Amino acid sequence: LTFQIAICLSMFVIGTLGILYNRRDILIVLVCIELLLLSVGILFIVFSIYLDDMIGQLFAIFILTVAAAESSIGLGILTQYYKITGDISVIDIGMLRG
C-alpha cells in the first residue's frame with residue numbers, strides 16, 4: 001500500500017510542478033492536469049481495493065470521465081486558438097475574450 005501511495009504522490013507532485021513551472025505551453029499544462037487526475041484516480045482504486053469497497057472504483061470511473069471531457073474541450077479550445085494566432089503559446093491568451 002505504501003508503494004502505491006508513493007507512486008501516486010510522485011505523479012501528483014510531477015503534475016503540480018509541471019503546471020507551476022511551465023505556464024507558457026498549453027499542451028504541457030493539459031498533460032499535467034491529466035496526470036493529476038490520473039494519480040487521484042489510481043489512488044481511489046488503490047484504497048478501494050485495500051478497503052474492499054466498490055465506491056472508490058466508481059469515483060475513479062467518474063474521474064476518468066471528467067479527465068476525458070476536460071481533454072477534449074481543452075484540445076478544442078487549443079485548435080481554435082491555433083487557428084486565430086498560429087501559435088500555441090499562452091502568453092497572449094487574454095485576446096480570446098469576447
Side-chain angles (χ1 to χ4, degrees):
L1 183 66
T2 342
F3 178 71
Q4 289 88 0
I5 293 173
I7 292 293
C8 290
L9 182 64
S10 64
M11 286 172 54
F12 193 83
V13 167
I14 289 170
T16 305
L17 291 177
I19 290 173
L20 291 178
Y21 288 133
N22 197 356
R23 293 184 158 220
R24 295 180 61 132
D25 191 9
I26 191 72
L27 284 176
I28 294 178
V29 171
L30 285 174
V31 168
C32 289
I33 291 173
E34 292 292 324
L35 190 63
L36 290 173
L37 291 172
L38 183 67
S39 69
V40 171
I42 291 173
L43 197 61
F44 271 123
I45 291 174
V46 165
F47 277 112
S48 173
I49 292 171
Y50 178 71
L51 297 173
D52 196 27
D53 191 16
M54 288 293 291
I55 301 298
Q57 294 175 15
L58 184 67
F59 278 135
I61 290 173
F62 286 144
I63 288 173
L64 289 176
T65 305
V66 168
E70 174 264 332
S71 176
S72 64
I73 290 172
L75 288 175
I77 292 171
L78 179 68
T79 55
Q80 290 299 317
Y81 182 71
Y82 183 74
K83 283 182 183 179
I84 292 172
T85 62
D87 189 20
I88 58 171
S89 181
V90 189
I91 295 172
D92 297 326
I93 199 88
M95 67 175 267
L96 288 179
R97 294 184 187 155

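Everything numeric in this text was worked out from a predicted model, so none of it was measured. Residue numbers count from 1 along this sequence.
- The CD1 atom of Ile28 sits 4.0 Å away from atom CG of Asn22, with the distance rounded to the nearest 0.5 Å.
- A single hydrophobic cluster is not seen to contain both Leu20 and Val13; linkage of ILVMFWY side chains at heavy-atom distances under 4.5 Å, directly or through other members, places them apart.
- Put simply, CG on Leu37 and SG on Cys32 are 11.5 Å apart, with the number rounded to the nearest 0.5 Å.
- A single hydrophobic cluster is seen to contain both Ile33 and Phe62, as judged by linkage of ILVMFWY side chains at heavy-atom distances under 4.5 Å, directly or through other members.
- Hydrophobic cluster membership differs between Leu9 and Leu36, with clusters built from Ile, Leu, Val, Met, Phe, Trp and Tyr side chains linked at under 4.5 angstrom.
- For Thr79, there are no side-chain contact (heavy atoms from CB on, under 4.5 Å) partners two or more places apart in sequence or in a different chain.
- Taking Ile, Leu, Val, Met, Phe, Trp and Tyr as hydrophobic and joining them when side-chain heavy atoms fall under 4.5 Å apart, one finds Ile14 in a cluster with Leu1, Phe3, Ile5, Ile7, Met11, Leu35, Leu38, Ile42, Leu43, Val46, Phe47, Tyr50, Leu51, Leu64.
- Of all the heavy atoms in Ala60 and Gly41, the pair that sits closest is CB-O, 3.7 Å.
- Hydrophobic clustering (ILVMFWY, side-chain heavy atoms < 4.5 Å, transitive): Ile49 and Ile55 are in distinct clusters.
- Checked against ring-ring contact (aromatic ring centres under 6.0 Å, His included), Phe59 has the following partners two or more places apart in sequence or in another chain: Phe44.
- Residue Glu34 comes nearest to Ser71 through the heavy atom pair OE2-CB, 3.3 Å, listed as atom of the first residue, atom of the second, then distance.
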